[in-house]
Amino acid sequence: MPQNIIMEFELKATSSESRARAGILSTDHGKIETPIFMPVGTAGTVKGVHSKDLKEDIQAQIILGNTYHLYLRPGISVIEAAGGLHKFNAWDGPILTDSGGFQVFSLGDIRKLSEEGAKFQSHIDGSYHMFTPENVIDIQRSIGADIVMAFDECTPGDADYAYAKKSMELTQRWLHRCFDQFHKTEAKYGYEQALFPIVQGNTYPDLRKLAANHVKEFNADGYAIGGLSVGEAEEVMYEMVEVVTAELPVDKPRYLMGVGTPKNILENIDRGIDMFDCVMPTRNGRNGMLFTSEGILNMRNQKWQNDHSLIDINGASYVDHTYTKAYLRHLIVSGEMLGAQIATQHNLAFYIWLVKEARRRILDDSFAAWKKEMLIKLTRRL
RNA sequence: GGGGAGAUACCGAAGCGGUCAAACGGGGCAGACUGUAAAUCUGUUGGCUCAGCCUUCGUAGGUUCGAAUCCUGCUCUCCCCA
């Protein structure tokens, strides 16, 4: 079943020493320069950040939303009445919505899986709901993200082979239903949407390879790798990414879901990944952890109490050059909401800077050396 | 002046003869966080030559095999009445 190309992906350069690539993905809400990091905005908000700062200061090119969360609250009728998520949350750049597959995993104890789909209880009020590949596509049509994700099952990192295989096959059958529904329906708000399949297979190379070859048949506009960074060893994640990117078409973007640390991002760019998302810069920022080009800081540590230097002299955000470490520590230790906002803004600006710099290095083919130098700094505890 | 209550670790506050280095909360310190049920969660918080020992429950004595816990003096705090 060939799919019409909805989103152009232009490959601009590939590293001479690895699979790292730089490209441009075009959506109706703008172009995305890859590799890219996508801030996570689960409930229709990148927590604590105004869309103006997201765009102008952080320079995010695309953000995420979540089907499960938006479906439960505010509810799809509200999003439709608003004219789609872009209108609702005042973000006019590209949006990608996750399908709720991850919630099937993370809310594991309040859901029940069947061939039909996933029956689950709302974490908000305990009410019962059913997600199927079909209604998840419908909901994502209503939310109106530029990129929508297939409904999958995300298995825990320690799943045994039999379960991993069974689960992968369920995800594959669901994928057919997702594309059927996707082709039966159309975008609601006058711009195109693309559907990305998700490669599962847990930590088993043969399953990953089968899954990668299976998703290729759909000739999608991009391909995602899911079910990683869910408890398996870091080296295993890299191995799985290598197995999968070796199989996926080179002329389409690859999205590694839910990853990761700054180190994970550089390592996976090196292995041919183009798109990333992760809650780490936002959540860890709210919890007082800062990622910088010189290393990792726990802002709650006493050592910053009287450090009146700027947050990050190399930082990409205005917050880095406006506030001091001592002040930010005070805000975070005091539980002041501005502390969480500043830390989040810093971390997101850093993540975006990191992938932008990686892109620049891929374009001039100095990525390998730069990555090696950066890895030493990025993992340092300050 | 008379009557009453109380003083516990950084703060608040339990404990009222042994199982108390002392519950619980706050604060402090540290750690975790990877397609967000997270502005959350966990650990730790007298000292040391650390599976043991030493010092500690206002202070000075006393009773007891044994006291934060019982008795006496002292110091201080709070409340009520004049």
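All chains are named by letter (A, B, ...) in the order of the sequence lines, taking the proteins before the strands, and each is independently numbered beginning at 1.
- Within the 4.0 angstrom heavy-atom criterion, only backbone atoms of the sugar-phosphate kind lie near A:V333; the bases stay farther away.
- Taking 4.0 angstrom as the limit, A:R381 places a side-chain polar atom (N or O) nearer than this to OP1 or OP2 of B:A32.
- For the pair A:R141 and A:F182, the cation-pi criterion (under 6.0 Å, within 45° of the ring axis) is fulfilled.
- Residue A:S106 places no side-chain N or O under 4.0 Å from the OP1 or OP2 atom of B:U36.
- Donor-acceptor pairing under 3.5 Å, judged by distance alone, is present between the side chain of A:T282 and the base of B:U36.
- Side-chain proximity of A:M337 to B:A39, B:U36, B:G35: nearest is B:A39.
- If you check distances only, the side chain of A:D152 does reach the base of B:G35 with a donor-acceptor pair under 3.5 Å.
- In this structure, A:N287 does not reach the B:A32 phosphate: none of its side-chain N or O atoms is under 4.0 Å from OP1 or OP2.
- With both pairing distances under 3.5 Å, B:A67 is matched to nothing as a Watson-Crick or G-U wobble pair.
- The side chain of A:R300 contributes no N or O atom lying less than 4.0 Å from OP1 or OP2 of B:C33.
- Closest to the A:D98 side chain, of the nucleotides B:C33, B:A37, B:G35, is B:G35.
- Ion pairing between A:D270 and A:K371 holds under the 4.0 Å rule for side-chain N and carboxylate O.
- No contact: A:Q121 has no heavy atom under 4.0 Å from any strand.
- For B:U36, one of the phosphate oxygens OP1 or OP2 lies less than 4.0 angstrom from a side-chain nitrogen or oxygen of A:T42.
- Within 4.0 Å (heavy atoms only), A:T344 reaches no atom of the nucleic acid at all.
- Each of A:M257 and A:A340 was matched to the nucleotide of RNA chain B holding its nearest heavy atom; the match closer to the 5' end belongs to A:M257.
- Under the 6.0 Å cut-off for aromatic ring centres, A:Y351 and A:F291 qualify, their centroids lying closer than that.
- With both pairing distances under 3.5 Å, B:A30 is matched to B:U42 as a Watson-Crick or G-U wobble pair.
- Distances from the side chain of A:N301 to the nucleotides B:G31, B:A39, B:A37 place B:G31 closest.
- A:M289 places its CE atom 8 Å from the P atom of B:G31, with the value rounded to the nearest Å.
- Taking Ile, Leu, Val, Met, Phe, Trp and Tyr as members and joining any whose side-chain heavy atoms lie under 4.5 Å apart, directly or through other members, the hydrophobic cluster of A:Y327 also contains A:L290, A:L297, A:M299, A:W304, A:I311, A:Y318, A:V319, A:Y323, A:L328, A:L331, A:I332, A:L338, A:I342, A:L382.
- For A:N298 and B:G31, the shortest distance from a side-chain N or O to OP1 or OP2 is below 4.0 Å.
- Within the 3.5 Å criterion, the main-chain N or O of A:R359 finds no donor-acceptor partner in the side chain of A:R21.
- Here B:U36 is the nucleotide among B:C33, B:U36, B:A38 with the atom lying nearest to any side-chain atom of A:V279.
- The side chain of A:Q302 contributes no N or O atom lying less than 4.0 Å from OP1 or OP2 of B:G28.
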